[in-house]
Amino acid sequence: IESKNNVINCRNYCIQITLKIESKGGDSGKLFGSITSKDIAEALEKQEGMKIDKKKIEMKTPIKQAGETEVTLKLFTEISAQLKVSVTIA
């Protein structure tokens, strides 16, 4: 992501999509392990072709439960986007 216009386009795109991640887990929806910013960065690149450094993905804690959650992508100075992440049990 180079120019500010590209960053704004990226932000507008990110707020419209839901990133889907499958993980192993139990019947209660609890994951075996957790989803980290590294997992989200890898899924973004694989599914959407967007290369974002895992350090730019803000999460209070790793995701340990199946369902939908939002993470913040710090794209540029004072420009961030909320990205929906849907975690399902594989």
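We count residues from 1, following the sequence as given.
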Measure the shortest side-chain to side-chain distance between I40 and L83 over non-hydrogen atoms and say whether it is less than 4.5 angstrom. yes
Measure from the side-chain N and O atoms of D39 to the backbone N and O of T36, and report whether any donor-acceptor pair falls under 3.5 Å. yes
Is a side-chain N or O of Q65 found less than 3.5 angstrom from the main chain of S28, in a donor-acceptor match? yes
I52 to A41 - nearest heavy-atom pair and separation: O-CB, 3.4 Å
Between the side chains of E45 and K51, is the shortest nitrogen-to-carboxylate-oxygen separation below 4.0 Å, so that they form an ion pair? yes
Does the side chain of T72 pick up a donor-acceptor pair with the side chain of Q82 at under 3.5 Å? yes
From CA spacing to verdict: side chain to side chain contact (heavy atoms under 4.5 Å, CB included), S37, K56: CA-CA 9 Å; S37 58; K56 300 210 180 254; over 6 Å; no
Heavy-atom check, side chain of L44 versus side chain of L73, under 4.5 Å: yes
If you compare all heavy atoms of T18 against all heavy atoms of S86, which two are closest, and at what distance to 0.1 Å? CG2-CB, 3.7 Å
Distance-minimising heavy-atom pair for A90 and E22: CB-OE1, 3.7 Å
Might you work through the side chain to side chain contact (heavy atoms under 4.5 Å, CB included) test for R11 and S80, ending with a clear yes or no? CA-CA 7 Å; R11 183 198 66 201; S80 61; over 6 Å; no
Closest heavy-atom pair, K30 versus I89, reported as atoms and distance to 0.1 Å, is O-CD1, 4.3 Å
Do V85 and I21 make a side-chain contact, defined as non-hydrogen atoms from C-beta onward lying under 4.5 Å apart? yes
Given the rule that I, L, V, M, F, W and Y join up when any side-chain heavy atoms are under 4.5 Å apart, are I8 and M50 in one cluster? yes
May I ask you to test the V71-E58 pair for a side-chain heavy-atom distance under 4.5 Å? no
Residue pair L19, K84: steps toward the side chain to side chain contact (heavy atoms under 4.5 Å, CB included) verdict: CA-CA 6 Å; L19 190 66; K84 289 183 198 120; over 6 Å; no
All heavy atoms of I63 vs all of L31, minimum pair found to be O-CD1, 3.6 Å
